[in-house]
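Only one structure is covered here, and it is reproduced in the block below.
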Number of protein chains: 2
Amino acid sequence: MEPNNELENESNYTASNYRTPDGAPSDIVIFTITSEEKAPGKKTMPARELQLLLIRRKRWPFEGQWALPGGFCDEDESVYDCAKRELLEETGVADVHLEYFNVYSKPKRDPRGWIISHAFLALVNERYLAGRRAQDDAADVRLFPVSEALAMDLAFDHGDIVRDALEKVRVKMLTTTIAKQFLPAEFTIGELYQVIRTVVPDFEEPNFIRKMTSTQSREGILEPARDENGALKRSNRYSQRAAQLYRFTGCEPKLSIYG
Amino acid sequence: MEPNNELENESNYTASNYRTPDGAPSDIVIFTITSEEKAPGKKTMPARELQLLLIRRKRWPFEGQWALPGGFCDEDESVYDCAKRELLEETGVADVHLEYFNVYSKPKRDPRGWIISHAFLALVNERYLAGRRAQDDAADVRLFPVSEALAMDLAFDHGDIVRDALEKVRVKMLTTTIAKQFLPAEFTIGELYQVIRTVVPDFEEPNFIRKMTSTQSREGILEPARDENGALKRSNRYSQRAAQLYRFTGCEPKLSIYG
DNA sequence: CGAATAGTGTCTGTGAGACAGTATTTA
DNA sequence: TAAATACTGTCTCACAGACACTATTCG
């Protein structure tokens with residue numbers, strides 16, 4: 001358990017003679033779903049796309065290459081707090097879904113030395129990134145469609161991190177209610193379906209409405225939205241015929257392969 | 001992204017003036033299921049219990065207290081390789097299920113300094129720990145029932161780590177086929193049920209046999225064991241009436257809350 | 001009217017769940 | 001023969017899946 005015998009007791013604990021890490025950054029894969037009106041002015045469902053935020057490095061190593069936002073951890077903060085701080089600094093947003101998912105510690109992964117990186121994924125509703133988008137292509141901070149990001153040659157092992165993050169968010173999209181991160185508090189079944197499909201293109205459920213609305217089959221994940229008088233709330237922001245609005249109930253189902 | 005401006009380019013990269021971590025250990029929560037014959041000589045199902053392995057610390061800090069096995073990572077290995085190495089050193093076993101699950105980085109969690117710990121969980125079949133058990137209570141390495149371990153005052157934040165690991169292994173027990181780590185290659189439905197219940201006491205399925213054997217309902221997670229001639233294999237090691245043996249097929253089901 | 005989205009009617013099959021009953025071997 | 005484990009028969013109900021059909025509003 002001990003790195004050396006110098007650490008045998010408190011009195012002779014000075015500094016380790018052993019090699020210690022040169023840094024422990026938190027890196028963040030920030031996902032968002034952009035939506036764009038296909039036919040402006042017409043009531044039609046928007047085109048949605050899963051995007052992630054990258055920054056262009058200003059310094060050695062990998063100067064000029066795109067990388068994940070992130071930064072080094074301080075002694076007086078946890079890696080989670082570090083990620084939260086960096087997220088605020090990079091994107092100006094707080095109070096978004098932020099979740100640790102893996103550590104990257106392969107030797108020589110960083111030419112600056114022995115650096116162990118902690119990877120987080122953040123799910124940010126596009127409305128929080130509104131200001132950011134204006135800068136667009138010219139800037140050193142920019143959103144990329146995931147398909148595009150996967151094909152890029154990113155700094156460090158950030159390509160691996162992005163792939164792992166994508167895999168993770170796809171699994172969680174189907175097994176938890178994180179879809180809510182990309183939706184308003186009240187939404188239609190059609191919107192929910194579109195969001196799921198944006199993240200997990202393989203997810204195909206004809207009759208999705210039927211399944212989500214049939215009695216207690218979905219174990220009460222969703223509930224119809226109602227106004228103060230208890231009347232059902234409907235919306236026609238994306239459709240001709242008004243659609244029932246739903247909200248997540250807050251209960252997370254427990255999944256099992258055995259029953 | 002940079003900790004300081006000293007790192008601006010390769011030529012003037014020497015050593016950081018900034019504080020860097022004092023160590024990055026891997027700690028391992030080693031679970032096993034012990035089984036003990038209730039009535040020796042009688043053909044009856046054994047009593048099973050979920051246990052985990054702890055070591056008693058020989059040095060400051062937390063001298064004399066029980067802690068998770070683990071050790072400091074070297075620069076030329078990943079945290080996973082470090083965990084694997086420590087697992088071999090502590091228990092003498094290799095080729096067991098070993099899985100990273102979380103990082104612990106709360107400031108001041110370790111009185112020796114700024115130490116970020118990477119926690120793994122290992123699932124070890126009790127037959128691999130056979131030698132270890134002989135030493136038993138007197139030794140500095142010993143198995144504890146999880147209920148007992150949870151009530152102990154462990155070194156560092158290892159109590160938190162154990163709780164998180166238990167939560168994790170319970171979820172995975174129901175959503176993946178890791179039950180196979182605690183079972184022989186061929187087993188009866190009764191054994192499988194017992195193993196699941198040992199890890200997740202809340203799991204109650206009267207009619208478990210029915211569910212697991214009814215047509216393709218379990219999507220082919222299990223298949224009946226057959227000998228060279230294709231005849232079904234049965235066992236009566238734990239029962240009077242011989243029971244059908246099964247094996248995991250290797251296919252992991254994909255779960256979804258949406259359909 | 002046609003396009004676009006939202007839903008419903010209806011049928012078929014199959015699994016979940018309950019629970020009592022039967023089967024096989026051992027002490 | 002009683003105990004212990006391993007199944008099986010049978011019934012009911014609900015949902016999954018398919019797919020065509022209706023509903024509502026916009027341009």
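What you see below is based on every heavy atom in this structure, not just the backbone, and it leaves out hydrogens, waters and symmetry mates. Protein chains get the first letters and strands the later ones, always in sequence-line order, with residue 1 at the start of each.
- Going from atom CE of Met212(B) over to atom C1' of dG15(C) covers 14 Å, rounded to whole Å.
- For the pair Gln244(B) CD and dT5(D) P, the interatomic distance rounds to 19 Å; values are reported in whole Å.
- Here dA14(D) presents its C1' atom at 13 Å from CZ of Arg210(A), a figure rounded to the nearest Å.
- Residues satisfying the side chain to side chain contact (heavy atoms under 4.5 Å, CB included) test with Ile209(A), not counting sequence neighbours, are Ile189(A), Thr213(A).
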Please write out the pairs of protein N or O atoms and N or O atoms of nucleotides 23-25 of chain D separated by less than 3.5 Å, giving the distance to one decimal.
from	atom 1	to	atom 2	distance (Å)
dA23(D)	N3	Arg241(A)	NH1	2.9

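- For Asn102(A), there are no side chain to side chain donor-acceptor pair (under 3.5 Å) partners at least two apart in sequence or on another chain.
- The side chain to side chain donor-acceptor pair (under 3.5 Å) search around Lys180(A) returns Thr177(A), not counting sequence neighbours.
- One finds no side-chain N or O of Lys211(A) lying less than 4.0 angstrom from the OP1 or OP2 phosphate oxygen of dC15(D).
- With rounding to whole Å, Ile209(B) atom CD1 is found 18 Å from dG15(C) atom P.
- With sequence neighbours left out, the side chain to side chain donor-acceptor pair (under 3.5 Å) criterion links Ser235(A) to Arg237(A).
- Atom CZ of Phe208(B) is separated from atom P of dC7(D) by 13 Å (rounded to the nearest Å).
- Spacing between atom CD of Glu37(B) and atom P of dA27(C) amounts to 12 Å, rounded to whole angstrom units.
- For Lys168(A), the side chain to side chain donor-acceptor pair (under 3.5 Å) criterion is met by no residue, not counting sequence neighbours.
- In this structure, Tyr193(B) places its OH atom 12 Å from P of dA6(D), rounding to the nearest Å.
- Between Thr213(B) and the phosphate of dC7(D), there is no side-chain N or O to OP1/OP2 separation shorter than 4.0 Å.
- When each of Gln181(B), Glu126(B), Arg127(B) is paired with Thr32(B), the side chain to side chain contact (heavy atoms under 4.5 Å, CB included) condition holds for Glu126(B) and for no other.
- Looking at Glu228(B), Glu223(B), Glu186(B) one by one, the single match for salt bridge (charged side-chain N to carboxylate O under 4.0 Å, His left out) with Lys233(B) turns out to be Glu186(B).
- The residue Arg234(A) sits close only to the backbone: its heavy atoms come under 4.0 Å of sugar-phosphate atoms, none of a base.
- Counting to the nearest Å, the P atom of dA4(C) and the OH atom of Tyr238(A) are 17 Å from each other.
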